[in-house]
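From a predicted model like this one, the values you see are computed outputs, not experimental measurements.
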Amino acid sequence: MSHVTAGRTRSSHAARRRRSKAAAPPWFFAAPALIVYALIVLYPAAAGVVYAFTDWSGIGEGLSFVGLDNFRTLLGDEQAIGSIGNTLLLTVAIVAVQNGVGLLLALGVHARLKSRALLRVVFFAPVVVSPVMVAFLWKYIYNPDQDSGLNGLLGVHVDWLGDPSVALWSIAGMVVWQYAGYSMVIFLAGLEGVPRELHEAAMIDGAGTWQRFRFVTWPLLAPAVTINLMLSTIGGLKLFDQVFAATNGGPGYATETLSTVLYKQAFVFGKFGYSTAVALVLALFVAAVSLVQVYYLRGREVTG
């Protein structure tokens, strides 16, 4: 009987070895997706890096390498330098206001309100709308000749998108309006993960509402803060749709961003090589800022 059992054991081991040898390696199943990703993402990105050092017009095969001339032109281009400043100002405003509003909305709908489910849907609804549609909607709201628009509501007469001193902040306002609900959802997920027992213990110790938020809720929201700051920063640095649809970089260059500059240089002026140089600078800048944010915010999560 023991010989039969031993034989069955050896045969089962041999069968498992044959199945393990016949099974395809894990990378085999990922290969099709990796090939598609390489063709659609990696190859164009690598080609763009090469074109950044050429004078290619985007049409035909005629091009010549110009070294760092495109980057020197970028540093001497007042429009491009101004767009960098506009991009940074927009990003700072969007990150600060969007996350602040998103946190307040999350705290509000996290409370035990009967209408909290409806409020969550209402606040998140703008996120699913096309950015171009949002831009056209706010162009109507910002229209200085519309008594039913923002001017009529506030009782003022401001050319929100035509005045260079306020146009940039008007763009930031429409972006915050659209994506504050997205930040709210992420903060809300973080709030749902805060144990209720910690708040109850803090209340027993005599902690007030602000103290409970500061010493209990806020430290535990560190992962949600990291994600929100990262996403809003990247979105602000590469902002294009709302600017292009609402102002096309105007009035003058008041709302020009790096994304609109590289679009115009490529598709309006036919300077594809120069535009890819601008895109490369933008990509490196976004990557550098993201790495600094990850390093700092991840450190805060650990120490917090």
Where [X] and [Y] come nearest, the two heavy atoms and their spacing:
{"X": "P251", "Y": "A167", "value": "CD-CB, 3.8 Å"}
{"X": "G190", "Y": "A224", "value": "CA-CB, 4.5 Å"}
{"X": "I171", "Y": "M174", "value": "O-CG, 3.1 Å"}
{"X": "G236", "Y": "I94", "value": "CA-CD1, 4.3 Å"}
{"X": "P164", "Y": "G162", "value": "CD-O, 3.5 Å"}

For the side chain of N86 and the backbone of L168, is there at least one donor-acceptor N/O pair under 3.5 Å apart?
-> no
Just by modelled atom types, is the D145 backbone N or O under 3.5 Å from a matching donor or acceptor in the N143 side chain?
-> yes
According to a 4.5 Å side-chain heavy-atom criterion applied to Ile, Leu, Val, Met, Phe, Trp and Tyr, with indirect links allowed, do [X] and [Y] form part of one hydrophobic cluster?
{"X": "V66", "Y": "L280", "value": "no"}
{"X": "Y142", "Y": "W177", "value": "yes"}
{"X": "L221", "Y": "V216", "value": "no"}
{"X": "F215", "Y": "L191", "value": "no"}
{"X": "V286", "Y": "L284", "value": "yes"}

I want to check something: taking the side chain as every heavy atom from C-beta on, are [X] and [Y] in contact at a cut-off of under 4.5 Å?
{"X": "L282", "Y": "V278", "result": "no"}
{"X": "P131", "Y": "F136", "result": "no"}
{"X": "F187", "Y": "V225", "result": "yes"}
{"X": "L103", "Y": "W218", "result": "yes"}
{"X": "M230", "Y": "I227", "result": "no"}
{"X": "P32", "Y": "V36", "result": "no"}
{"X": "I186", "Y": "L231", "result": "yes"}
{"X": "Y182", "Y": "V185", "result": "no"}

Atom CZ of R214: over 12 foreign heavy atoms under 6.0 Å = no
Just to verify, what does [X] make a side chain to side chain contact (heavy atoms under 4.5 Å, CB included) with, not counting sequence neighbours?
{"X": "M203", "value": "R212"}
{"X": "S83", "value": "A80, E256, L258, V261"}
{"X": "S130", "value": "V132, M133"}
{"X": "V92", "value": "none"}

When rounded to the nearest 0.5 angstrom, what is the spacing between [atom1] in [X] and [atom2] in [Y]?
{"X": "I141", "Y": "L137", "atom1": "CD1", "atom2": "CG", "result": "4.0 Å"}
{"X": "L88", "Y": "T257", "atom1": "CG", "atom2": "OG1", "result": "11.0 Å"}
{"X": "M184", "Y": "L104", "atom1": "CE", "atom2": "CG", "result": "12.0 Å"}
{"X": "W210", "Y": "T217", "atom1": "CH2", "atom2": "OG1", "result": "10.5 Å"}

Is there a donor-acceptor contact under 3.5 Å linking the side chains of W160 and N151?
-> yes
Could you go through the side chain to side chain contact (heavy atoms under 4.5 Å, CB included) check for Q293 and T226 one step at a time?
-> CA-CA 8 Å; Q293 276 191 323; T226 299; over 6 Å; no
Derivation and outcome, side chain to side chain contact (heavy atoms under 4.5 Å, CB included), residues S290 and I234 | CA-CA 7 Å; S290 301; I234 294 174; 3.6 Å; yes
Restricting to pairs with a member in [range], which pass side chain to side chain donor-acceptor pair (under 3.5 Å), not counting sequence neighbours?
{"range": "residues 88-102", "result": "Q98-S183, N99-S232"}
{"range": "residues 45-57", "result": "D55-S64"}
{"range": "residues 273-287", "result": "D77-Y274"}
{"range": "residues 242-255", "result": "Q178-Q242, T247-T255"}

Got a sec, which pairs hit salt bridge (charged side-chain N to carboxylate O under 4.0 Å, His left out) with one end in residues 189-203, sequence neighbours left out?
-> R120-E192
Restricting to pairs with a member in residues 230-255, which pass salt bridge (charged side-chain N to carboxylate O under 4.0 Å, His left out), not counting sequence neighbours?
-> none
Please, which pairs that meet ring-ring contact (aromatic ring centres under 6.0 Å, His included) have at least one residue in residues 57-115, sequence neighbours excluded?
-> F53-F71
What do the steps show when you test T87 against L239 for side chain to side chain contact (heavy atoms under 4.5 Å, CB included), and what is the final call?
-> CA-CA 8 Å; T87 302; L239 189 66; over 6 Å; no
May I have the step-by-step check of side chain to side chain contact (heavy atoms under 4.5 Å, CB included) for L74 and I81, ending in yes or no?
-> CA-CA 8 Å; L74 174 62; I81 297 299; 5.7 Å; no
Excluding sequence neighbours, so at least two apart, what forms ring pair (Phe, Tyr, Trp, His ring centres under 6.0 Å) with F244?
-> F240, Y263
Between F123 and the options V109, L188, L118, the side chain to side chain contact (heavy atoms under 4.5 Å, CB included) test singles out V109
